[in-house]
Amino acid sequence: MRPFIFSLLLILIVVSSFAGDVKGNGGGAVICSGNTLEILDLYEARLAGYGEPSLGNNTELESMMNEYLQRLSIYSPVRAKLYLDWFKNFENESIFLSGIPIQPIPDLGSPLPKGCVWHQIVNQNPLLLPSDKKYLIDKTVWQKLSNLQKVGLIFHELIYRESNSSTSRGLRLLNGLVMTDQLNSLGLEDRINLFSDAGLLSFEAQGLKFLLHKQFKVEKGSLLYAWPEKGSTFSWKGQNLNLANEPVIFYQNSKIKSLPLSGKMLLTFKGQILEIERNEYSLTPIFFHPNGEFQAGELSNSKKWIYNWGNLNVSFNQIELWPSGKIATLQNAFGKIQVQGKYYPVSGSEIRFYDNEQIRSLYWGDDPIINLDSQKIYVENLSLLTFNRTGQIANFVSDRPGRIKNYRGQWIDFAKGDLVQLELPDE
Amino acid sequence: MNNLIFLFVIFLTIQGFAQSEAELYKQIVLVCPNKIQLLDYFEGENLRGNKYSKMTGFSQLIESISLTMPDRAKLYQVSNLQFLSMVSFTQNEKFGEVATDDLILEAPTNCQYQVLLQTNFENLLVVQKKLWNMLNPIDLAGAQLNWSIAKEIYQSDKKIPGSSVYIRNLNSLVPGDNLSKLAFQDLTQILIAARLFSVRKQGVLIDLSKPISFFDNTQILNRAYSVLDSKWTFQESEGFNSTVRLKEDQVEFYANGAVSSLRFEGNMIIHTEGGEILIATQEPIFSVLRNDERVSFYSNGRLKSGVARSAAILETPYYKIKVDKTEEVWPFDYPPKPYLLLFSDGRIELISNVSGMILFQDKWLNLVEHSSLSWYENGQIFSMNSRDQFNVKIQNKLVSFIEHAYFFENGQLKCGKLNEPTVFFTTFVKKQLFLKGEEVCFDEIQNLASYGFN
């Protein structure tokens with residue numbers, strides 16, 4: 001009963017505190033008895049023990065702005081660039097009011113000390129202003145603010161402009177931490193939570209911008225997976241890869257393990273440029289190795305890709321490479337393969353390779369008889385045929401009973417359907 | 001436990017008081033030693049930089065609204081009569097509390113906000129007489145208009161507006177030409193914020209509670225939902241209007257503002273060179289067919305395409321055809337619907353599902369049911385489709401074709417499907433036999449260009 005009533009009370013209080021939100025939101029300052037003006041963000045940061053704000057020795061507005069953006073850009077470079085544009089336009093997008101105070105918007109969240117009062121300086125509600133204006137500013141108080149306080153207040157407004165929160169409590173903390181240069185002290189998970197509490201829709205980590213309302217996971221200080229923001233691109237070997245609305249997965253070393261490619265990616269392989277492109281309804285991402293090299297992906301269906309190397313001449317529609325860039329797997333391969341001097345057809349098989357580019361395995365089809373020196377072997381249709389690192393057949397599934405000498409010179413008797421091991425393949 | 005219940009009861013009591021206080025809608029005025037002004041215009045001057053003429057009256061405000069929202073202007077004229085019949089005055093100078101959480105600006109030094117008016121929109125409308133008598137004509141008119149706007153919201157929401165911020169915002173834009181200067185997207189946002197969910201654009205009553213899309217990087221309306229059963233008048237030309245009731249569906253617009261396509265109940269009368277046709281849309285059996293059912297227009301306002309829903313006779317010196325009415329047949333739409341496609345000057349470009357006679361190569365040709373015809377802009381026939389055979393002159397003889405034939409702009413046959421084995425002259429083999437059902441195509445000087453079975 002008690003938790004129920006308490007929850008009900010809480011719900012009612014929360015609903016009540018949102019009631020005044022139609023007016024918009026904005027920043028303001030605390031004015032204490034000594035007539036000192038301090039924006040709430042910095043007042044709260046000081047109260048919470050984050051120290052005094054500082055944006056370098058130069059007290060010019062622009063210099064302080066640059067210092068702020070420099071700190072932000074370490075963790076959120078795209079956002080810092082956006083805020084730079086917004087900051088430059090701030091005055092043009094503002095209406096400065098003289099002699100008419102702005103009605104306070106109760107959003108303090110913490111009690112003010114005795115002798116201090118709250119003064120609203122900015123109201124941000126574009127719907128109430130002409131279409132090119134976003135901020136309503138009390139000029140009388142604005143003029144009394146130091147440049148440091150002005151920069152803090154402007155960034156408060158810019159963060160609020162991006163935020164979808166109806167209260168500014170979370171963004172005041174974010175702003176205060178940047179102003180006091182404390183962002184560095186936070187781990188990745190805390191930093192993401194900070195951006196989330198500020199009502200921001202995205203966070204940046206490991207070179208990409210991710211959605212905060214979708215699932216993400218941080219482990220040991222590193223992002224393991226998250227959903228990229230719409231329109232995100234990943235820079236890889238001079239290409240900007242477009243990402244679809246599916247998760248990006250990382251290795252523990254922060255390198256991308258897989259990404260949801262949208263559109264094409266070019267991969268240079270054996271002198272030909274392959275177009276990696278997911279099929280229309282494919283949910284399989286593109287994979288990378290921990291060293292950042294391409295691992296696996298589907299190929300554009302609009303072209304026919306040919307791999308012509310050594311004893312192989314096949315077309316294929318999926319490819320996997322070793323970290324060294326050498327061929328690891330070809331999927332859906334059609335063409336011909338040379339086994340011990342003679343060509344045999346391949347129809348839709350997966351062909352796997354050793355890292356020395358020798359064939360490791362494939363699914364056999366069409367021609368059941370393989371000539372092995374003086375012996376013939378009969379291979380079961382669609383069975384796995386494996387090779388050793390030097391290109392000799394290691395194992396096969398026999399299509400009929402028989403007897404054969406393995407590479408150690410021993411006779412092996414086998415029945416139809418037996419796996420015949422001439423040599424165990426190297427791992 | 002008891003303490004918690006006590007707290008809960010206290011809280012509910014406070015909430016209860018708050019609600020009864022909010023049961024009345026209030027209008028605020030700013031009272032200064034040397035002036036008194038409706039809050040709406042005080043905010044309009046300071047937030048938007050609007051300038052107001054003191055002598056503006058209610059009829060001028062209605063005139064301003066009618067430029068962008070004629071329906072709303074008419075509604076407010078009627079509402080104002082109700083205002084005048086309901087209003088009563090009080091001498092009580094302490095007349096209600098001003099709720100500060102509904103204010104944007106504080107009152108300047110030596111000024112204060114006071115309640116001018118309180119109403120429940122049903123049977124109570126009380127005005128503080130002293131303040132009312134001190135107001136300029138524009139503030140009196142503004143107070144009346146504010147009441148009409150709030151009354152419209154009250155009637156659709158069935159409750160007293162909780163805040164007047166956005167009602168004041170809209171009201172502050174009405175005097176002068178502020179409203180008509182607004183981009184349509186800005187206007188819709190202001191209306192939505194005020195909880196007014198309809199506005200007319202190009203005669204279409206748009207439902208603002210549903211998604212609206214604009215052309216990329218512009219404030220120009222692209223798509224919006226029409227209000228179900230709202231009337232829309234198609235002005236075909238001077239003196240020719242058709243009024244239909246729109247369906248609850250998306251209406252598409254051109255960048256120049258003209259309606260591009262929509263769906264409606266009822267019939268729209270179209271005047272072609274051959275006579276009148278009734279155009280209609282009906283609920284398709286499958287939603288994928290919906291686009292087929294839309295009626296589309298050119299950016300100059302003329303009809304572009306539609307489906308005829310009733311039999312009509314079209315007659316010109318070149319054809320006398322009957323448009324056959326067909327009903328939708330499940331699951332496939334066969335026989336074909338009588339599609340009508342017009343050129344941007346109103347002449348017919350294509351008409352399907354017709355029968356009758358057409359003057360073709362100087363002879364009257366009979367068209368069986370479910371035939372279709374299309375024309376070039378210069379009036380020459382572009383194509384002819386018929387289940388019956390028809391003769392076309394080519395290589396100096398009449399050849400029997402069936403199903404379809406296409407023509408060059410000069411009237412020569414371009415392609416057609418043979419109805420019987422026919423011999424044509426070709427460039428390489430002098431005479432060659434072509435079989436029934438074979439598609440033969442010619443160049444503009446009647447040389448055989450290609451052939452084969454499709």
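Just so it is clear: chains get the letters A, B, ... in the order the sequence lines come, proteins before strands, and each one is counted from 1.
- Only the side chain of L97(A) comes within contact range of chain B, with at least one heavy atom under 4.5 Å from a heavy atom of that chain.
- Interface remark: D186(B) contributes side-chain atoms only to the contact with chain A (heavy atom separation under 4.5 Å).
- Contact of L129(A) with chain B is made through backbone and side chain together, with heavy-atom distances under 4.5 Å.
- Checking D207(B) against S198(B) by side-chain atom types alone, no donor-acceptor pair falls below 3.5 Å.
- Annotation: cation-pi geometry satisfied between K201(B) and F184(B) (NZ/CZ under 6.0 angstrom from ring centroid, within 45° of ring axis).
- A donor-acceptor contact closer than 3.5 angstrom links the side chains of R79(A) and S202(A).
- One side chain, N169(B) or R48(B), offers a donor N or O that lies under 3.5 Å from an acceptor on the other.
- Only the side chain of L136(A) comes within contact range of chain B, judged by heavy atoms closer than 4.5 Å.
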